[in-house]
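In this chain, numbering begins with 1 at the start of the sequence shown.
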Amino acid sequence: MPNRLAHETSPYLLQHADNPVDWWPWSPEAFEEARRRGVPVLLSVGYSSCHWCHVMAHESFEDTAVAALLNEHFVAVKVDREERPDVDAVYMEAVQAATGQGGWPMTVFLTPDAEPFYFGTYFPPEPRHGMPSFGQVLEGVRGAWTDRRDEVGEVAGRIVADLAGRSLAESLPAGDQRPPRPEELHAALMGLTRECDTVHGGFGGAPKFPPSMVLEFLLRHHARTGSAGALEMAESTAAAMARGGIYDQLGGGFARYSVDREWVVPHFEKMLYDNALLCRAYAHLWRATADGAAAGGLGDLARRIALETADFMVRELRTEQGGFASALDADSDDGTGRHTEGAYYVWTPEQLRAVLGEKDAEFAATYFGVTEEGTFEEGASVLQLPDTHGPVDVERAASVKERLLAARAERPRPGRDDKVVASWNGLAIAALAETGVYFDRPDLVQAATDAADLLVRVHMDWQARLHRTSRDGTAGANAGVLDDYANVAEGFLALASATGEGVWVEFAGFLLDTVLVQFTAPDGTLYDTAADAERLIRRPQDPTDNATPSGWTAAAGALLSYAALTGSALHRDAAERALGIVTALGSRAPRFIGWGLAVAEAALDGPREVAVVGPPDDPATRALHRAALLGTAPGTVVALGAPEGDAAAEVPLLMARPLVDGKPAAYVCRHFTCERPTTDPEELAERLRS
């Protein structure tokens with residue numbers, strides 16, 4: 001018989017709707033039930049494409065004996081971390097503080113007042129590698145709750161007090177909430193240099209995550225300073241990922257991370273946010289290297305990866321309503337009825353021969369690094385492009401790739417989490433709008449516009465408040481958090497620059513005004529949840545990047561761009577105060593505040609403000625517009641339209657910028673103070689090189 005989760009819309013919660021566990025969704029009623037029964041709460045947090053979440057579900061939550069123990073002695077609450085990042089953030093902070101590590105599934109035991117007292121992540125069904133079994137954990141917690149209730153309450157109280165005492169505002173230097181200076185951004189670059197893997201690309205060791213936000217900082221720093229080292233780190237990392245197993249060499253798109261430092265074997269789930277961020281980063285890498293500055297044709301590689309990743313998002317993740325689904329699962333049926341990780345993507349030499357025949361299989365094995373020993377499990381290999389062969393027969397490689405992709409399409413496909421998350425769709429809108437314009441792909445710009453329309457129609461209400469998620473065109477009940485407002489505003493501003501449709505600037509302004517009112521403290525620091533949001537044991541506030549830019553620094557970036565388009569001192573001041581955290585953390589932890597560093601580069605450069613005025617259909621206007629969009633000056637904003645009428649009303653940067661001798665013209669400005677206008681696209685391009 002289905003449990004209460006059968007009434008939810010989250011694909012992750014619905015995966016547990018037929019468990020024998022009597023699950024509750026996160027709700028006041030669940031905690032009231034625990035209070036009524038006098039039992040603790042088991043909080044289990046995960047997401048639909050999480051491999052170990054599936055493992056624990058199969059091993060424990062589908063087990064009737066475990067379910068009976070849970071149902072008798074606990075109230076079990078299941079949370080989709082992608083729907084409720086606030087709940088996830090608060091309790092993950094507690095898990096990491098108590099254990100020194102975190103991850104999903106996250107397993108936390110709470111009092112009926114939602115105070116945590118025991119923590120963990122995945123627990124096996126039997127004791128293993130020094131870990132207790134999940135059954136032992138349940139029995140231990142039940143015993144402590146029954147026999148030592150006062151002690152449990154004291155522990156929970158100390159934990160909550162410790163969390164409440166962690167104030168980021170207090171850690172900032174008094175009176176020094178200012179953007180980083182050039183020497184501080186240079187210090188951040190030196191920190192990245194020390195952590196750079198000069199052999200395999202990227203930063204740190206295994207597991208190795210794609211450093212999307214750091215790439216953006218490196219490209220902007222190179223553009224502002226000419227630093228060869230910054231560009232070299234960006235190039236080597238991007239090339240290593242593009243040639244590695246973390247990138248889907250057949251269908252395009254990136255997996256979540258590499259389990260090794262060489263980028264060979266990925267964790268196979270594909271997330272919208274990773275692909276949106278990396279699509280944009282590779283497009284920007286192409287923009288930085290398209291003039292031939294990159295040796296070995298890296299500009300061509302960056303172009304291919306950006307376009308293939310954009311096409312992957314549109315082909316595999318686009319929903320019927322025009323938004324983008326959250327993720328593809330890591331697991332799929334391996335053909336025997338077993339769900340195993342990576343089954344959809346890996347190949348053996350025998351499988352190559354079955355599809356391609358002997359000779360082409362031999363070619364494909366060399367080209368993609370497929371060996372008899374394998375690079376993954378059971379002799380299978382993850383496809384990569386090892387740099388071990390000479391000139392490649394391009395037509396043969398394309399034919400082999402096409403046939404393998406067609407054969408792979410016949411395999412059982414990974415599951416798709418089809419909920420639409422506002423924040424990640426904002427990232428996708430920015431990536432697709434820019435990639436579409438750079439490479440003359442109006443279909444990608446249209447996909448970005450369709451997603452933006454969905455966010456306005458379904459996620460945004462008349463008070464400029466956002467719902468975080470929707471599914472099948474219906475908004476979820478969960479409120480948007482800071483990164484939803486910031487990343488959607490960023491996407492709208494990028495779309496406005498790409499299309500010249502100023503209405504997206506207006507929508508971004510509505511959202512950013514909500515950021516100023518609901519998410520910003522009087523001292524300029526930002527919270528992840530709104531002032532009127534559900535009260536948790538702590539109001540989350542994290543300025544550091546995780547898999548996506550932090551809401552804090554994403555808001556700083558959107559506020560800065562909006563101020564550059566509108567001349568709003570209020571939004572500029574808010575952006576600069578928010579960048580104080582980058583001054584404090586940038587040189588100490590540059591890998592974890594990359595987007596903040598990228599925004600700081602834009603603030604230091606201006607950013608440049610480009611007003612392109614002229615009839616939209618005039619080839620001269622289009623040439624100036626393209627030159628402006630391809631400018632590499634950090635954080636450049638572009639407005640397109642006429643210097644009067646609706647366009648100027650929507651985007652004040654256009655106001656009082658006349659044509660020059662009746663010809664379309666471009667004005668390059670900083671803080672609304674402009675150089676002389678130009679009608680020459682080449683001159684404009686030169687002005688936008690730092």
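With W104 as the aromatic partner, R256 does not meet the cation-pi criteria of under 6.0 angstrom to the ring centre and within 45 degrees of the ring axis.
A distance below 6.0 Å separates the ring centres of Y282 and F254. Ring centroid separation for the pair F134 and F61 comes in under the 6.0 Å cut-off. Residues W595 and F217 place their aromatic rings such that the two centres sit no closer than 6.0 Å.
In plain terms, the two heavy atoms of F324 and V314 that are nearest each other are CE2-CA, 4.0 Å.
If you run salt bridge (charged side-chain N to carboxylate O under 4.0 Å, His left out) between E308 and each of K401, R315, R303, only K401 comes through.
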Tell me, with the steps shown, if R468 and D484 meet salt bridge (Lys or Arg N to Asp or Glu O under 4.0 Å).
CA-CA 7 Å; R468 178 164 173 84; D484 292 305; 2.9 Å; yes

When you look at H222 and E232, which way does the side-chain hydrogen bond (donor to acceptor under 3.5 Å, both in side chains) test go after all the steps?
CA-CA 9 Å; H222 165 71; E232 183 179 350; over 6 Å; no

Test W286 against F439 for ring-ring contact (aromatic ring centres under 6.0 Å, His included), laying out the working first.
CA-CA 10 Å; W286 171 83; F439 304 122; 4.6 Å; yes

Applying salt bridge (Lys or Arg N to Asp or Glu O under 4.0 Å), run through D311 and R441 and close with a yes or a no.
CA-CA 10 Å; D311 286 337; R441 286 282 303 275; 2.7 Å; yes

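Scanning for ring-ring contact (aromatic ring centres under 6.0 Å, His included) contacts around F592 gives an empty result, with sequence neighbours left out. In this structure, the salt bridge (charged side-chain N to carboxylate O under 4.0 Å, His left out) partners of D88, at least two apart in sequence or on a different chain, are R81. For R416, the salt bridge (charged side-chain N to carboxylate O under 4.0 Å, His left out) criterion is met by no residue, not counting sequence neighbours. Legend: residues meeting salt bridge (charged side-chain N to carboxylate O under 4.0 Å, His left out) with E126, ordered by chain and number and at least two apart, are absent.
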List the atom pairs, donor and acceptor, that lie under 3.5 Å between side-chain atoms in residues 46-53 and the rest of the protein, sequence neighbours left out.
residue : atom : partner : partner atom : Å
Y47     : OH   : E269    : OE2          : 3.2
S48     : OG   : D417    : OD2          : 2.6
S49     : OG   : E269    : OE1          : 2.9
H51     : ND1  : D331    : OD1          : 3.0
H51     : ND1  : D331    : OD2          : 3.2

Which pairs would a plain distance check flag for residues 197-208, meaning a side-chain donor or acceptor within less than 3.5 Å of a matching protein atom at least two apart in sequence or in another chain?
residue : atom : partner : partner atom : Å
D197    : OD1  : V199    : N            : 3.0
D197    : OD1  : H200    : N            : 2.9
D197    : OD1  : R261    : NH2          : 3.4
D197    : OD2  : K208    : NZ           : 2.8
D197    : OD2  : R261    : NE           : 3.1
D197    : OD2  : R261    : NH2          : 2.9
K208    : NZ   : G201    : O            : 2.8
K208    : NZ   : R261    : O            : 2.8

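Atom CG of D274 sits about 9.0 Å away from atom OG1 of T548, to the nearest 0.5 Å. Here the OG1-CZ distance, from T435 to R280, works out to 9.0 Å after rounding to the nearest 0.5 Å.
D248 has a carboxylate O that lies under 4.0 Å from a charged side-chain N of K270, or vice versa, which qualifies the two as a salt bridge. With respect to D360 and R353, no salt bridge is recorded, no charged nitrogen being found less than 4.0 Å from a carboxylate O.
A donor-acceptor contact shorter than 3.5 Å is absent between the side chain of E216 and the backbone of G594. Between the side chain of Q384 and the backbone N or O of Y367 there is no donor-acceptor pair closer than 3.5 Å.
Classified by interplanar angle (parallel below 30°, tilted 30° to 60°, perpendicular above 60°), the ring pair H267/Y257 is tilted.
The shortest side-chain heavy-atom distance between S133 and P125 does not fall under the 4.5 Å cut-off.
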